[in-house]
Amino acid sequence: MTGKLDLLTPFNSQIIFIDHQPQMAFGVQSIDRQVLKNNTVALAKAAKAFTIPATITTVETNSFSGKTYPELLDVFPEAPLLERTSMNSWDDQKVRDALATGAAQGRKKIVVSGLWTEVCNTSFVLSAMADTDYEIYMVSDASGGTSKEAHDMAMMRMVQAGVIPVTWQQVMLEWQRDWAKRDTYDAVMDIVREHSGAYGMGVDYAYTMVHGAAQRGTHTGETLAPIPA
């Protein structure tokens, strides 16, 4: 239990993205699919900013599921894609080996984002926990199920087995932990402004209106003063 009380850090974590492919996303009904992609890509950018080892799995790419989100691959352009046939990623030795490499470095906290929550995520998690001492952190808002009930029941089942439920922004800010860590501060703020909705808008507002920073973007046109009609 004490391990679960330890916060996520850039040194005790690794991450796996399970089957973020179009045909899998088409079936998602538990979360808006554009929000799902936004959250997944934001989580990936956070992992890259903190140099978290990432594993990307795919299933039946050419026969059914389609290609991995290009936005996700843009974050990790050189990452291998671990293709398999089983719905359970743990059944593929490549996946086990990739995670074991990180675990050997002390990265036994496995952050999981995947499709679908009730199938690929749940089977992977239960199998991995049965065979290892890994701690699983399931990113609920970067995962999706075929219905809200399917997602919720899968999350409940995994939590009962000892999985820690988290959200993507929670994971990123836990990795950051202290705003005095300037080596990752700017990257985190960039992710927040691009992917965190109202929080990101608030950061832009504070930077420009309170601190006098230049506005982001490439706009060079004039601001035309009001002219009464």
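W179 and M172 fall within a single hydrophobic cluster, where Ile, Leu, Val, Met, Phe, Trp and Tyr side chains are chained together by heavy-atom contacts under 4.5 Å. If you chain together hydrophobic residues whose side chains sit under 4.5 Å apart, F17 and V95 never meet in one group. When hydrophobic clusters are built by joining Ile, Leu, Val, Met, Phe, Trp and Tyr residues whose side-chain heavy atoms come closer than 4.5 Å, directly or via intermediates, I31 is grouped together with L72. Side-chain heavy atoms closer than 4.5 Å link hydrophobic residues (I, L, V, M, F, W, Y) into clusters, and following such links, even through other members, never connects V125 to V28.
Ion pairing between R84 and D91 fails under the 4.0 Å rule for side-chain N and carboxylate O. Ion pair K4/E135 not flagged as a salt bridge, since none of the NZ, NE, NH1 or NH2 atoms sits closer than 4.0 Å to an Asp/Glu carboxylate oxygen.
Note on residues 53-87: pairs passing ring-ring contact (aromatic ring centres under 6.0 Å, His included), not counting sequence neighbours, are H20-Y69. Residue pairs meeting the ring-ring contact (aromatic ring centres under 6.0 Å, His included) criterion with at least one member in residues 107-139, sequence neighbours excluded, do not occur.
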| Audit row: Q176, F50, side-chain contact (heavy atoms from CB on, under 4.5 Å) steps and yes/no | CA-CA 8 Å; Q176 176 66 26; F50 289 96; 3.4 Å; yes
| V41 vs K37, side-chain contact (heavy atoms from CB on, under 4.5 Å): CA-CA, chis, key distance, verdict | CA-CA 6 Å; V41 174; K37 181 186 279 190; 4.1 Å; yes
| said: Is there a side chain to side chain donor-acceptor pair (under 3.5 Å) between S123 and W90? Walk through the geometry before answering. | reply: CA-CA 8 Å; S123 60; W90 192 251; over 6 Å; no
| message | Run the side-chain contact (heavy atoms from CB on, under 4.5 Å) test on K108 and Q14 for me, step by step, so that the C-alpha distance in whole Å, both residues' side-chain angles and the decisive distance to 0.1 Å come before the verdict. | response | CA-CA 7 Å; K108 293 190 175 183; Q14 58 178 307; over 6 Å; no
| task | Please report the C-alpha distance between T61 and Q21 in whole Å, then the side-chain angles of each, then the deciding distance to 0.1 Å, and finally whether the side chain to side chain donor-acceptor pair (under 3.5 Å) criterion is met. | result | CA-CA 8 Å; T61 296; Q21 298 164 269; 3.2 Å; yes
| task | Begin with the C-alpha distance, continue with both residues' side-chain angles, and end with the deciding distance and a verdict on side-chain contact (heavy atoms from CB on, under 4.5 Å) for M129 and V163. | result | CA-CA 9 Å; M129 292 176 68; V163 171; 3.6 Å; yes
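The closest side-chain heavy-atom distance from N39 to H195 is not below 4.5 Å. For the pair L43 and T40, the minimum side-chain heavy-atom distance is 4.5 Å or more. With a 4.5 Å cut-off on side-chain heavy atoms, T58 and L82 do not count as touching. Using a 4.5 Å cut-off on side-chain heavy atoms (C-beta onward), M138 and I164 make no contact. Residues R193 and Y199 have side chains not in contact (no heavy-atom distance under 4.5 Å, counting atoms from C-beta outward). Proximity of R157 to L126: side-chain heavy atoms (C-beta onward) are separated by under 4.5 Å at one or more points.
A donor and an acceptor atom, one from each side chain of T9 and W175, are nowhere located under 3.5 Å apart. Under the 3.5 Å distance criterion, with hydrogens and angles disregarded, no donor-acceptor pair is assigned to the side chains of H151 and T146. T57 and D19 form a side-chain donor-acceptor contact under 3.5 Å, judged by distance and modelled atom types alone.
When each of I15, V139, I18 is checked for a side chain to side chain contact (heavy atoms under 4.5 Å, CB included) with V112, only I18 meets the rule. When each of S140, S143, S196 is checked for a side chain to side chain contact (heavy atoms under 4.5 Å, CB included) with W168, only S196 meets the rule.
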